[in-house]
Asks: 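This is the structure I want to talk about, given as structure tokens.
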Amino acid sequence: MEVVTGVVVQSLILSIMVLGVYISYKILDFPDMSADGSFALGAAIVAIMLKKGVSPISASMLALLAGVIAGLLTGILHVKLKISNLLSGILVMGILYSLNLRIMGKANIPIFSEKNIFYNFNPLIITFAFVIIIKIFIDLFLKTGLGYTLKGVGDNPQMIKSLGIEVGRIKILGLMLSNGLIALSGSMMAQYQGFSDISMGIGTLVLGIASIIIGTSIIKKKKFIKDTTLVIIGTLIYQITIYFAMNIGLTPVDLKMITSLVIIVFLAVSGVKNNEKRKHGRWIVNAKNSKLIKKLS
């Protein structure tokens with residue numbers, strides 16, 4: 001039972017990261033490679049702060065702020081310096097790798113003996129509470145005028161630009177919010193596992209995209225089910241799939257292969273559904289754009 005609880009707790013922590021990836025990848029249509037560095041950045045910040053006696057909540061908030069700054073840097077490279085979205089993310093990921101080593105001073109820092117946000121509390125309850133609060137915040141934000149603008153920039157940037165809105169600033173805001181959540185997730189994972197490691201963030205973006213694909217393709221979308229809920233469910237399904245794969249004899253060496261196969265399967269399922277939707281696609285897109293214009297005007 002403890003093992004299952006551990007898998008669920010880690011899934012919930014990672015779902016915070018996936019919600020961040022959802023903002024950049026799904027809403028902004030921006031495959032942000034800096035997510036890998038931001039996750040490890042959050043872990044590095046919280047480890048150092050806890051070692052210095054800073055309270056776990058303050059340390060976690062500092063990690064979130066560091067992630068926001070990382071997202072700001074990615075946005076500036078892309079928007080102001082006109083570097084492609086993929087390359088700007090890769091450049092920031094490289095910067096963050098060196099920065100994380102500088103912050104920690106070494107590749108791994110144990111924090112088993114330090115007080116953390118799970119100290120004297122049930123990790124399942126704490127992580128569940130965090131996920132629900134963040135999910136509600138994102139849902140409410142996406143219903144605001146700024147939230148609809150963020151969606152519009154991802155769906156149809158030219159339309160948003162024609163309304164007199166500066167698309168670049170909205171992209172930067174989305175990347176800041178995305179990387180902030182990713183860094184917060186990294187800080188929580190470090191506290192739960194009891195250590196921070198320079199390689200913690202490797203595969204973060206892939207894991208996030210896989211969870212998003214699973215959540216949005218395996219479950220038939222209903223009006224009362226938010227995309228954020230599907231993303232969280234997708235993360236749980238993905239982590240449970242990996243857990244069972246490890247328990248049938250596969251080793252951590254096979255993890256990347258398993259991840260790729262899982263993504264391929266769900267992409268195939270998603271592709272079939274998308275082909276069916278395209279039969280009625282044009283009027284859906286037009287209706288969506290009309291709705292966005294109405295919300296923004």
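Since this is a predicted model, take the numbers as computed values, not measurements. Scope of the values below: all heavy atoms of this structure, side chains included, with no hydrogens, waters or symmetry mates.
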Asks: Using 0.5 Å steps for rounding, measure from the OG atom of Ser60 to the CE atom of Met49.
Replies: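 Here the interatomic distance stands at 11.5 Å.
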Asks: Could you see if Ile125 belongs to whatever hydrophobic cluster contains Leu12? Use Ile, Leu, Val, Met, Phe, Trp, Tyr and a side-chain cutoff under 4.5 Å.
Replies: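 As far as the 4.5 Å side-chain criterion goes, Leu12 and Ile125 are not connected within one cluster.
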Asks: At what distance, to the nearest 0.5 angstrom, does OG1 of Thr74 lie from CD1 of Ile69?
Replies: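 Output value for this atom pair is 12.0 Å.
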Asks: Quick check: do Asn116 and Ile111 have side-chain heavy atoms less than 4.5 Å from each other?
Replies: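 Of all side-chain heavy-atom pairs linking Ile111 with Asn116, none is under 4.5 Å.
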Asks: Taking 4.0 angstrom as the limit, do Asp139 and Lys135 come out as a salt bridge?
Replies: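 Result for this pair is yes, salt bridge flagged.
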Asks: Clusters formed by hydrophobic residues whose side-chain heavy atoms approach within less than 4.5 Å: which one holds Tyr243, and what are its other members?
Replies: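 Direct or chained contacts put Tyr243 with Val3, Val7, Ile240, Phe244.
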Asks: Would you say that Ile225 contacts Ile233 through its side chain, given a criterion of any heavy-atom pair below 4.5 Å between the two side chains?
Replies: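 No, their side chains stay 4.5 Å or more apart.
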Asks: For Phe141, does the CZ atom sit with more than 12 other heavy atoms under 6.0 Å from it, leaving out its own atoms?
Replies: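 More than 12 within 6.0 Å, yes.
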Asks: Between Ser15 and Val231, is the side-chain contact (heavy atoms from CB on, under 4.5 Å) condition met? List the steps.
Replies: CA-CA 7 Å; Ser15 69; Val231 164; 5.9 Å; no
Asks: May I ask you to decide if Leu140's main-chain N or O and Thr144's side chain share a donor-acceptor pair within less than 3.5 Å?
Replies: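 No: the side chain of Thr144 does not pair with the backbone of Leu140.
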Asks: Taking the side chain as C-beta and beyond, is there a heavy-atom pair between Asp227 and Ile27 under 4.5 Å?
Replies: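 Answer no - side chains too far apart.
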Asks: Nearest 0.5 Å please: distance from the CE atom of Met200 over to the CG atom of Asp36.
Replies: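 The CE atom of Met200 sits 12.0 Å away from the CG atom of Asp36.
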Asks: Distance from Ser162 atom OG to Asn156 atom CG, nearest 0.5 Å?
Replies: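 One gets 7.5 Å once the value is rounded to the nearest 0.5 Å.
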Asks: Please tell me whether Asp32 and Ser24 have a donor and an acceptor in their side chains that are separated by less than 3.5 angstrom.
Replies: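 The criterion, which ignores hydrogens and geometry beyond distance, is not satisfied for Ser24 and Asp32.
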Asks: If you define the side chain from C-beta out and look only at heavy atoms, does anything of Leu50 sit under 4.5 Å from Gln191?
Replies: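 They are in side-chain contact.
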Asks: How close do Leu99 and Leu41 get, heavy atom to heavy atom, and via which atoms?
Replies: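 Nearest heavy atoms, Leu99 then Leu41: CD2-CD1, 4.4 Å.
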Asks: Do the side chain of Ser178 and the main chain of Gly174 share a donor and acceptor less than 3.5 angstrom apart?
Replies: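 No, because the side chain of Ser178 does not come within donor-acceptor range (under 3.5 Å) of the backbone of Gly174.
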Asks: Is there a path from Leu150 to Ile172 through hydrophobic residues (I, L, V, M, F, W, Y) whose side chains come within less than 4.5 Å of each other?
Replies: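 Shared cluster, yes.
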Asks: Got a sec, which residues hit ring-ring contact (aromatic ring centres under 6.0 Å, His included) with Tyr192, two or more places apart in sequence or on another chain?
Replies: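 Expected list: Phe118.
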Asks: Does a side-chain heavy-atom distance below 4.5 Å link Leu184 with Ile134?
Replies: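 They are in side-chain contact.
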Asks: Side-chain contact, heavy-atom cut-off 4.5 Å: Leu14 with Met17?
Replies: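 Leu14 reaches Met17 side chain to side chain.
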Asks: Kindly determine whether Asn179 and Val92 satisfy side-chain contact (heavy atoms from CB on, under 4.5 Å), including the steps that lead there.
Replies: CA-CA 11 Å; Asn179 282 273; Val92 173; over 6 Å; no
Asks: Which heavy-atom pair separates Ile45 from Ala66 by the least distance, and what is that distance?
Replies: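 The answer is CG1-CB, 4.1 Å.
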Asks: side-chain contact (heavy atoms from CB on, under 4.5 Å), that's the test. Do Thr127 and Gln10 meet it? Break it down for me.
Replies: CA-CA 9 Å; Thr127 50; Gln10 290 192 49; over 6 Å; no
Asks: For residues Leu177 and Ile138, determine if any side-chain heavy atom of one lies less than 4.5 Å from a side-chain heavy atom of the other.
Replies: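 Leu177 does not reach Ile138 side chain to side chain.
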Asks: Kindly compute the distance separating CD1 (Ile48) from CD1 (Ile109), expressed to the nearest 0.5 Å.
Replies: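 If we round to the nearest 0.5 Å, Ile48:CD1 and Ile109:CD1 are 3.5 Å apart.
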Asks: How close do Ile237 and Ile214 get, counting heavy atoms only, and between which atoms?
Replies: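 For Ile237 versus Ile214, the nearest heavy atoms are CG2-CG2, 3.8 Å.
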Asks: Are any non-hydrogen side-chain atoms of Ile170 and Ile165 less than 4.5 angstrom apart?
Replies: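 SC-SC contact between Ile170 and Ile165 confirmed.
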Asks: Would a hydrophobic clustering, with Ile, Leu, Val, Met, Phe, Trp and Tyr connected at side-chain separations under 4.5 Å, put Phe137 with Leu65?
Replies: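 Shared cluster, no.
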Asks: Drop me the distance from Tyr25's OH to Ile209's CD1, to the nearest 0.5 angstrom.
Replies: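 Here the interatomic distance stands at 5.0 Å.
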Asks: Testing the basics here: between Ala63 and Gly42, what is the closest heavy-atom pair and its distance to 0.1 Å?
Replies: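 So the two residues come closest at CB-O, 3.6 Å.
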Asks: Provide the closest heavy-atom pair for Ala190 versus Val46 in the form atom of the first, atom of the second, distance.
Replies: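 Nearest heavy atoms, Ala190 then Val46: CB-CG1, 4.0 Å.
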Asks: Which heavy atom of Lys26 sits nearest a heavy atom of Thr216, and at what distance?
Replies: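 Shortest heavy-atom separation between Lys26 and Thr216 comes out as NZ-OG1, 4.4 Å.
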Asks: Out of curiosity, does Phe128 fall in the hydrophobic cluster containing Phe121 (side-chain heavy atoms, cut-off under 4.5 Å, transitive links)?
Replies: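 Yes, because Phe121 and Phe128 connect within a single hydrophobic cluster, where side-chain heavy atoms sit under 4.5 Å apart.
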Asks: Membership question, hydrophobic clusters at under 4.5 Å side-chain separation (ILVMFWY): are Val131 and Leu207 in the same one?
Replies: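 Same cluster: Leu207 reaches Val131 through Ile, Leu, Val, Met, Phe, Trp or Tyr contacts under 4.5 Å.
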